[in-house]
Amino acid sequence: MKRELDKAYNPGENEDKIYKKWEESGYFNPDNLVLDPDAKSYTIVLPPPNITDKLHMGHAATVAIEDLLIRYHRLLGERALWIPGTDHAAIATQNVVEKRLLKEKGKTRQDLGKEKFLEEVWAFLKITQSTILHQVKKMGASLDWSRLSFTLDDERQLAVRTMFSEMYKEGVIYRGDRIVNWCPRCHSTLADDEVEYKEQLAKIYTFKYDKNFPLSISTTRPETKLGDTAVAVNPKDERYKKYIGQEFKVVFCGQALNIKIIADRNVESDFGTGALGVTPAHSMVDWQMAQANNLPLIKVINEEGQIHPGFGKFSGLSALAAREAIVNELRERGLLEKEEDLTNNLSICYRCGTAIEPLSSKQWFISVDKKIERLGNKSLKEKSIEAAQSEEIKFIPERFNKRYLDWMNNLHDWCISRQIWFGHQIPVWYKGEDIYTGLEAPSGEGWIQDQDTLDTWFSSGMWTFSTLGWPTNYNDAKKSGDLAKFHPTQVLETGYELITLWISRMIMMSFFALDEIPFSKVYLHGMILDKDGKKMSKSKGNGIDPLDIIEKYGTDATRLALLMGTTPGNDSRFSEDKVEAKRNFINKLWNISRFILTSCDEKFYAAASEKAPQEKSIADTWILGEMSKLIKNTTERFNSFEFSLAAEELNDFTWNKLADWYLEIAKVEKDKEEILIYLLKNLLILWHPFIPFVTEAIWESFNDNVLMVAKWPGAEEKEVFLNNDINLIQDIIVAIRNARSENKIEPSKKIDAIIYAGKSTPLILRQAEIIKSLKTGIASLEVYEKGEKIDSAIMLPLGEIEIYLLGAIDGEKEKTRLIKEKANLEKLISLQAQKLNNADFVSRAPEKIVTAEKEKLNSYEQELSKIVNIISSL
RNA sequence: GGACGAUUAGCUCAGUUGGUUAGAGCGCUACAUUGACACUGUAGAGGUCAGAGGUUCGAAUCCUCUAUCGUCCACCA
């Protein structure tokens with residue numbers, strides 16, 4: 001079993017081998033875990049990456065965090081399931097394939113036709129999907145690959161079609177006219193969040209429809225005015241009050257229009273003329289006003305961005321050409337009053353940058369406000385808002401709760417149809433006036449399926465339950481199989497930019513399908529920026545491929561760099577320096593293990609990791625106390641998602657306490673094998689969720705089982721040194737004094753290496769003399785340099801109060817410090833007592849606070865008495 | 001325009017309900033070196049916690065304002 005460890009840890013040599021071992025163990029699948037019958041389930045779904053591109057550092061962070069959670073809960077003995085999958089990313093994928101097609105074959109998707117084009121897409125998918133899965137495995141992800149899903153595979157297609165028809169049946173999905181963001185180039189609607197804005201210089205024209213119309217209006221888009229049905233003014237605007245409610249027949253550039261004057265609070269009196277021409281068919285705001293005032297809707301611009309037939313000479317012109325023609329005509333007729341420059345925000349398509357044409361069209365929608373009887377007559381919006389308000393779903397960090405609620409409260413119906421080829425085709429069939437919705441085409445001739453596909457977030461919104469066998473595992477409001485075992489999931493971990501796009505949809509979808517939340521915690525990580533704080537992007541070329549970093553420093557170092565020094569919700573910079581530091585740490589851990597394993601005989605390897613061995617010296621008591629504290633803290637940190645702090649504490653223990661202190665002590669004191677193995681085992685378990693490979697590699701060199709499924713240590717109620725440190729120092733002082741006075745200390749024993757207490761850390765000195773305390777094993781020493789005594793000290797590694805120097809040089813200093821501390825404490829106590837005597841405070845403050853304050857007072861008093869004792873013994 | 005964050009050592013960042021002398025990593029300076037580890041060890045320098053007020057016995061931490069940077073949302077016709 002014993003295997004010599006290499007001098008330095010070599011990640012490349014170990015990682016693939018270990019990953020294979022894990023996969024072969026079958027433990028990624030919770031069904032293979034040996035568990036308590038009543039073990040809790042712990043489920044996370046991996047946010048399915050788009051299959052358009054290989055993974056970036058953001059994905060790496062996701063994998064690092066989720067794998068940490070899963071490994072931690074697996075070690076706790078829970079039924080830990082992490083579900084892998086990929087997202088078909090409808091529009092994005094189609095776009096990428098289209099671009100490649102054009103570049104490689106010079107063809108457009110129309111050249112190929114739908115069928116051939118989709119074949120191209122699927123061929124592309126196969127390649128990218130395997131690249132992505134390879135990357136995820138390289139990150140060490142303990143995903144259950146037997147449950148691998150794809151948002152467009154057969155099971156998910158069934159789920160999507162079921163969902164659609166169920167929603168349709170309950171009237172939650174409807175088809176309607178709406179103003180949509182239309183990209184005339186992509187020939188598709190865009191969701192609001194797919195629209196980007198660009199500042200541009202525009203002209204704003206002020207004019208009257210015709211001579212007889214009393215108001216002037218201002219617009220940057222005169223061509224849409226062919227479809228105006230109203231002019232809106234602010235109800236408080238004194239200039240126009242008298243017109244409100246009146247109707248005018250006007251002839252605008254040859255086009256007869258009925259214009260009603262309406263009042264709307266959204267109109268700003270001091271913008272332009274304070275009168276706004278309302279074009280219901282081509283502006284969201286106008287459409288809303290039209291709805292509120294029951295105004296008709298006139299379509300002016302078609303899907304190609306051209307003027308519809310029926311507008312005389314303008315018909316068939318592009319919007320821009322029509323604008324020019326109209327402005328010219330207004331100018332000729334003397335109706336144009338002003339022409340000014342204006343910078344405004346132009347909506348553009350997030351993919352191609354083409355200007356968005358808002359137009360009305362028939363689309364499919366999910367109603368977020370429709371009351372659903374079986375959900376207690378509440379709408380999806382209401383249910384989703386309640387879930388966050390009641391903290392049934394909690395956001396980490398908390399502030400994102402507000403962002404989620406702000407978004408949900410302003411939520412409009414969700415347009416789910418997209419005019420693209422790749423995706424879930426809408427499961428609706430038409431035959432003349434008849435409409436059918438279902439899982440398959442209806443029987444009979446002549447039914448034609450809707451050509452649109454669904455917004456990609458429709459299928460990813462179902463991800464928590466579509467991956468667990470819904471709808472098959474859900475009948476008559478009862479869950480079975482995986483769905484019963486693993487849903488709701490525990491944590492959804494993703495970037496904060498997905499709150500609106502994805503998280504909100506998942507919550508609504510889950511309520512609709514299952515009447516329950518999809519997850520109880522949402523952990524949001526920040527963006528991973530480059531070392532200069534810039535967003536990584538392909539166009540800037542500052543993106544980092546996680547695989548390159550892994551190649552160079554190993555997966556563990558990469559993961560640790562992503563987890564340490566980062567806090568939820570905050571962006572963080574990623575630099576190689578950081579990874580290098582972590583790589584060094586991992587090597588340190590490796591060497592610590594190497595030292596322990598080579599200095600312990602094999603017969604100690606079986607030492608239990610659960611129960612601390614008997615301590616034999618003060619150093620043992622100290623380190624075991626520290627370990628117990630570490631276990632407790634790490635567990636708490638993990639439970640409260642404070643990974644960075646957990647790692648920092650683990651790091652501090654490993655490097656500053658174990659390596660710097662205890663291992664040095666172990667070189668002098670003997671008989672520490674059991675403790676060393678105990679410490680090592682626990683340390684490896686605690687570190688495992690962060691750095692699974694190196695810990696497993698060390699573990700397998702002296703254990704038969706797999707570390708991944710070891711047992712998470714419980715914090716033993718150990719005597720924690722810190723609480724008693726002052727008493728112990730006292731004991732040592734007394735012991736040394738006694739020993740000195742009784743001449744029991746032999747000052748002459750020469751030791752090769754000893755430990756010297758400087759201020760807080762040890763130093764190995766040669767040819768110095770040590771005086772060993774009879775009681776403690778290490779306690780007191782005198783330090784000589786070139787034959788001259790330079791210091792004498794008593795030392796003790798004691799956590800926060802680490803060292804007390806008592807020699808001739810430092811004794812006085814120490815005494816001064818203690819006296820200062822004493823005064824400080826006395827002051828604190830008097831203030832604390834004052835506070836507690838304040839009747840107002842006691843009566844008003846919550847009991848919890850008062851108790852806490854009392855405890856504080858108590859601890860101050862205890863500390864004070866110890867310090868007084870020490871001072872008096874000096 | 002609205003909301004949210006950030007501002008702490010030369011750099012990157014921690015700092016959990018306010019509490020003794022504000023921490024880490026990297027970098028820097030000096031020293032050490034065959035004993036687990038140069039992917040090392042020890043010692044050290046380096047901070048008006050953005051600024052100004054306020055609350056408090058006590059503020060990096062709570063409140064107000066200001067400045068700079070960043071993100072998101074809305075969007076002007």
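Labels below follow one simple rule: chain letters A, B, ... track the order of the sequence lines, proteins then strands, and each chain is numbered from 1. Quick caveat, the model's predicted, so the values are computed rather than measured.
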Fill in the blank from the handout: Stem ranges of RNA chain B by first residue number, counting only runs of at least 3 Watson-Crick or G-U pairs under 3.5 Å, come to B:1-7 with B:67-73, B:10-13 with B:23-26, B:28-32 with B:40-44, B:50-54 with B:62-66
Completion exercise
Between OH of A:Tyr404 and P of B:C4 the distance, given in whole Å, is 19 Å
Problem - Integer angstrom distance from the P of B:A9 to that of B:A14 - result: 12 Å
Practice task
Could you measure between the two P atoms, the one in B:A59 and the one in B:C69, and give it in whole Å?
Solution key: 31 Å
Problem - Results of side chain to side chain donor-acceptor pair (under 3.5 Å) for A:Arg221 - residues two or more places apart only - result: A:Glu223, A:Glu357
Practice task
State, to 0.1 Å, how close A:Ile179 and A:Pro358 come at their nearest heavy-atom pair, and which atoms those are.
Solution key: CG2-CB, 3.9 Å
Exercise for the section: For B:C57 and B:A52, measure between their C1' atoms and round to the nearest Å. Expected result: 23 Å
Handout entry: Atom P, compared across B:C11 and B:C4: separation rounded to whole Å
Key = 29 Å
Problem - Interatomic distance, A:Lys534 NZ vs B:C69 P [rounded to whole Å] - result: 13 Å
Practice task
Please tell me if the side chains of A:Thr220 and A:Tyr205 come closer than 4.5 Å, counting only heavy atoms from C-beta onward.
Solution key: no
Handout entry: Option passing ring pair (Phe, Tyr, Trp, His ring centres under 6.0 Å) with A:Tyr496 (candidates A:Trp407, A:Tyr523, A:Phe400, A:Trp502)
Key = A:Phe400
Fill in the blank from the handout: Here the distance between atom C1' of B:G41 and atom CG of A:Asn584, to the nearest Å, is 14 Å
Problem - Close side-chain approach of A:Ile298 to A:Pro280, heavy-atom, < 4.5 Å - result: no
Handout entry: Distance, rounded to the nearest Å, where A:Leu405 contributes CG and B:C73 contributes P
Key = 17 Å
Practice task
Would you classify A:Ala232 as touching base, sugar-phosphate or nothing, given that sugar-phosphate means primed atoms plus P, OP1 and OP2, and contacts are heavy atoms under 4.0 Å?
Solution key: nothing
Problem - Side-chain H-bond candidate by donor/acceptor type, A:Thr279 with A:Lys225, under 3.5 Å - result: yes
Completion exercise
Assert: residue with more 5' nearest nucleotide on RNA chain B, out of A:Asn410 and A:Thr220, is A:Asn410
Any N/O pairs under 3.5 Å between the protein and nucleotides 9-16 of chain B? List them or say none.
residue	atom	partner	partner atom	Å
B:U12	OP1	A:Arg573	NH1	3.2
B:C13	OP1	A:Arg573	NE	3.1
B:C13	O2'	A:Gly565	O	3.1
B:A14	OP1	A:Thr567	OG1	2.8
B:U16	O2	A:Arg637	NH1	2.7
B:U16	N3	A:Arg637	NH1	3.4
B:U16	N3	A:Arg637	NH2	3.2

Problem - B:C37 base / A:Lys588 side chain donor-acceptor hit below 3.5 Å - result: yes
Handout entry: Spacing of A:Asn409 atom CG relative to B:A74 atom P, expressed in whole Å
Key = 14 Å
Exercise for the section: Go through B:C72, B:A36, B:C39 for me and flag the one nearest to the A:Ala8 side chain. Expected result: B:C39
Exercise for the section: Write down the distance separating the P atoms in B:C13 and B:C75, rounded off to the nearest Å. Expected result: 33 Å
Handout entry: d(CG, A:Leu680; C1', B:C37) in whole Å
Key = 15 Å
Handout entry: Of A:Ala202 and A:Asn591, the one whose closest RNA chain B nucleotide lies more 5'
Key = A:Asn591
Handout entry: Contact under 4.0 Å: A:Trp655 side-chain N or O vs B:G41 OP1/OP2
Key = yes
Practice task
Please report, rounded to the nearest Å, how far the C1' atom of B:U71 is from the CG atom of A:Leu498.
Solution key: 14 Å
Problem - Polar contact flag, side-chain donor to acceptor under 3.5 angstrom, A:Tyr553-A:Glu576 - result: yes
Exercise for the section: Return yes if some donor-acceptor pair links the side-chain N/O of A:Asn587 with the main-chain N/O of A:Tyr9 below 3.5 Å, else return no. Expected result: yes
Exercise for the section: Let me see the working for A:Ile396 and A:Leu524 under side-chain contact (heavy atoms from CB on, under 4.5 Å), right down to the final yes or no. Expected result: CA-CA 6 Å; A:Ile396 301 156; A:Leu524 297 159; over 6 Å; no
Practice task
Could you give the distance separating B:U64 and B:G25 at their P atoms, to the nearest angstrom?
Solution key: 36 Å
Handout entry: Any A:Phe690 side-chain heavy atom under 4.5 Å of A:Leu562 side chain
Key = no
Exercise for the section: May I ask you to say what A:Lys582 touches in the nucleic acid, namely base, sugar-phosphate or nothing, with a heavy-atom cut-off under 4.0 Å? Expected result: nothing
Handout entry: Interatomic distance, A:Leu524 CG vs B:C72 C1' [rounded to whole Å]
Key = 13 Å
Handout entry: Nearest-angstrom distance, C1' atom, B:G23 to B:G47
Key = 11 Å
Practice task
May I ask you to test the A:Tyr662-A:Leu679 pair for a side-chain heavy-atom distance under 4.5 Å?
Solution key: yes
Problem - Gap in Å between the two C1' atoms, one belonging to B:U12 and one to B:A6, rounded - result: 14 Å
